[in-house]
Enquirer: 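Would you mind keeping the following structure in view while I ask a few things?
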Amino acid sequence: MKKFFQEIKADMKFKSAGPGQKLTESAGEKAPREKANQPALRQLRQGPTDEAQMAAAAALARLEQKQPRARGPTSQDSIRNQVRKELRAEATVSGSLEVPGTNVVPEPREAGSTHLAVPGVYFTCPLTGATLRKDQRDARIKEAILSHFATDPVAASIMKIHTFNKDRDRVKLGVDTIAKYLDNIHLHPEEEKYQKIKLQNKVFQERINCLEGAHEFFEAIGFQKVMLPVADKEGPEEFYVLSEAVLAEPQSLERHREQLLAAEPVRATLHRQRRVFQPSPLASQFDLPGDFFNLTAEEVKREQRLRSDAVERLSVLRTKAMREKEEQRELRKYTYTLLRVRLPDGCLLQGTFYARERMAAVYGFVREALQSDWLPFELLALGGQKLSEDENLALNECGLVPSALLTFSWDMAVLEDVKAAGAKPDSSILKPELLSAIEMLS
């Protein structure tokens, strides 16, 4: 019996050893045949079915959820490497910033794109009422001021002084000097020395002659250029001399002096581009044109370098002043912001604002669109945060840049009165002319 079981074991061992080999055949001759048979076997193998792939993906997802979250990098070198990877990934996905180590410059979005939330940033000229693009405002305002000389040369020259000259300190010094000249004439109408101004005078040359519009102002209020002899000088020199007609009405000089001191630069006002949209699930989605960002292509590159420098700052302790400086730089990224206000009926009121404007401007914008603009209301940010009308913070300091969705909410006392009157609190509250121009948000 023992011999019988030994024979069975030997037979099984022989069969499991694989195909046989002749004694005259070397081991190297067998390998090519085995390799030649492998492609045929590989061709017969089929891929997993769709059901198997879906089951495998689901199992992998469950496995990833069960795995503990990996610990963050601990050493400074690993921190730097991790942040560099994140910056590169973020720049690659967004396409809005330059990837470190490359020369790729992002292409600006076209202002005429139909998917933009607003076509661009526009302004209104206060002199003509024309709507201007961002790149047109300065040139068009200058044209309007120059054309105003034909109708009111005094007002036009005052606007030119305050608008054409960008150095506000130099403008103030020159305006104060001109006002002093006129004040002396008004206080001493009988003294001839105050009625003429030497153009080569050092004070005149340093404070007034350098200002655009100053000569036009003197000529507009009645001064005339005259060549007069000067003591201890061989030839005559040029003076501004006040005409006799103006000397007979000295009160006009005092009026022009007050106008000059009270004037401000002529600036184009931001066009709100008010629009009303029907209720939409896309209310919180904003696709903004490049005008809303205060960064040129070069500034984008510099900003990316600054963000890369954040890698080094991760391992350096920063003072409170350093953190505040960085926060201020972040706030200066945006010049404008696009806000939408969701009304009780679901409609959306949209407008453009300066990022540095206060909440009072937003409340005023909404109030102008209401049928009953005297009723108190509140504006809420995402998460239910109340934004008070007398909030002293700018919109960018409230985190409402470069775009934000706000929610309109009635004051609780008003809401109770509306319900008591039998009216629906979620009915339309906008003016009829705005409702007639309502649009679809796409």
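Just so it is clear, the values below take in all heavy atoms, side chains as well, and ignore hydrogens, waters and symmetry mates. One-based numbering along the sequence shown.
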Enquirer: For the CD atom of Q371 and the NZ atom of K431, what is their distance to the nearest 0.5 Å?
Expert: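 It is 9.5 Å, given to the nearest 0.5 Å.
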Enquirer: Taking atom CG of L127 and atom CD of E143, what is their separation to the nearest 0.5 Å?
Expert: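 The CG atom of L127 sits 12.0 Å away from the CD atom of E143.
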Enquirer: With side chain to side chain contact (heavy atoms under 4.5 Å, CB included) as the test, would you mind laying out the steps for L343 and V276 before giving the verdict?
Expert: CA-CA 10 Å; L343 302 173; V276 179; 5.8 Å; no
Enquirer: What about the rings of F223 and F217, do their centers lie closer together than 6.0 Å?
Expert: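 No, they do not, as the ring centres are separated by 6.0 Å or more.
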Enquirer: Check whether any side-chain heavy atom of L261 lies under 4.5 Å from a side-chain heavy atom of D176, and answer yes or no.
Expert: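 Answer yes - side chains close enough.
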Enquirer: State plainly whether the residues D138 and K142 are in salt-bridge range, i.e. N to O under 4.0 Å.
Expert: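 Salt bridge: no.
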Enquirer: In chain order, what residues pass the ring pair (Phe, Tyr, Trp, His ring centres under 6.0 Å) check against Y181, with sequence neighbours excluded?
Expert: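 So Y181 forms no ring pair (Phe, Tyr, Trp, His ring centres under 6.0 Å) with any residue.
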Enquirer: Is it true that a side-chain atom of N165 and a backbone atom of E212 form a donor plus acceptor pair closer than 3.5 Å?
Expert: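 Yes, N165 side chain to E212 backbone: donor-acceptor pair under 3.5 Å.
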Enquirer: Hey, does the side chain of T163 reach the backbone of K160 with a donor-acceptor pair shorter than 3.5 angstrom?
Expert: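 Checking the backbone N and O of K160 against the side chain of T163, no donor-acceptor pair under 3.5 Å is found.
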Enquirer: If only atom types and distance count, is the side chain of R340 paired as donor or acceptor with the main-chain N or O of A283 below 3.5 Å?
Expert: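 Present.
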Enquirer: Do K180 and N184 have side chains that get closer than 4.5 Å, going by heavy atoms?
Expert: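 A side-chain contact exists here, since the closest heavy-atom pair is under 4.5 Å.
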Enquirer: If you take the centroid of each ring, where Trp contributes its six-membered ring, are Y336 and Y354 closer together than 6.0 Å?
Expert: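 That pair passes the under 6.0 Å test.
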Enquirer: Test Y240 against every option in K196, H215, K198 by the side chain to side chain donor-acceptor pair (under 3.5 Å) rule and name the one that passes.
Expert: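 The option that passes is H215.
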Enquirer: Less than 4.5 Å apart, side chain to side chain, heavy atoms only: is that true for N396 and Y334?
Expert: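 No. Closest side-chain heavy atoms not under 4.5 Å.
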Enquirer: Say whether, by atom type as modelled, one donor and one acceptor occur between the side chain of E206 and the main chain of N201 under 3.5 angstrom.
Expert: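 Checked: no pair found.
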Enquirer: Measuring from atom CZ of F277 to atom CG of L282, what distance do you get when rounded to the nearest 0.5 angstrom?
Expert: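 Atom-to-atom, F277:CZ and L282:CG are 10.5 Å apart.
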Enquirer: Tell me if a side-chain donor or acceptor on Q273 pairs with a main-chain N or O of G120 at a distance below 3.5 Å.
Expert: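 At least one qualifying donor-acceptor pair exists.
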Enquirer: Salt bridge (charged side-chain N to carboxylate O under 4.0 Å, His left out), that's the test. Do E258 and R255 meet it? Break it down for me.
Expert: CA-CA 5 Å; E258 293 176 355; R255 185 175 65 254; over 6 Å; no
Enquirer: Report yes or no: does S243 contribute a side-chain atom to a donor-acceptor pair with the main-chain N or O of G222 at less than 3.5 Å?
Expert: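 Side chain of S243 to backbone of G222, a donor-acceptor pair under 3.5 Å: yes, one is there.
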Enquirer: Start with the C-alpha gap between R367 and E389, add the side-chain angles, then the distance that decides, and say whether salt bridge (charged side-chain N to carboxylate O under 4.0 Å, His left out) holds.
Expert: CA-CA 11 Å; R367 193 171 284 113; E389 184 172 2; 3.2 Å; yes
Enquirer: When rounded to the nearest 0.5 angstrom, what distance separates CG in N209 from CZ in F204?
Expert: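 If I round to the nearest 0.5 Å, the distance is 6.0 Å.
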Enquirer: Under a 4.5 Å cut-off applied to non-hydrogen side-chain atoms, are L395 and L339 in contact?
Expert: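 Yes, at least one pair of side-chain atoms sits under 4.5 Å.
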Enquirer: To the nearest 0.5 Å, tell me how far H188 NE2 sits from Q195 CD.
Expert: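 Result: 12.0 Å between the selected atoms.
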Enquirer: Look at the side chain of R137 and the backbone N and O of Y122, then say whether any donor-acceptor pair between them is shorter than 3.5 Å.
Expert: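 Not a single qualifying donor-acceptor pair exists.
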Enquirer: Would you find a donor on one side and an acceptor on the other, under 3.5 Å apart, between the side chain of Y194 and the backbone of L187?
Expert: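 Here the side-chain-to-backbone pair does not exist.
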Enquirer: Search all heavy atoms of A117 against all heavy atoms of Q350 and return the closest pair with its distance.
Expert: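 Between these two residues, the closest heavy atoms are O-NE2, 3.2 Å.
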Enquirer: Decide yes or no for Q385 and C398: does some side-chain heavy atom of the first lie under 4.5 Å from some side-chain heavy atom of the second?
Expert: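 Result no, sub-4.5 Å side-chain heavy-atom pair not found.
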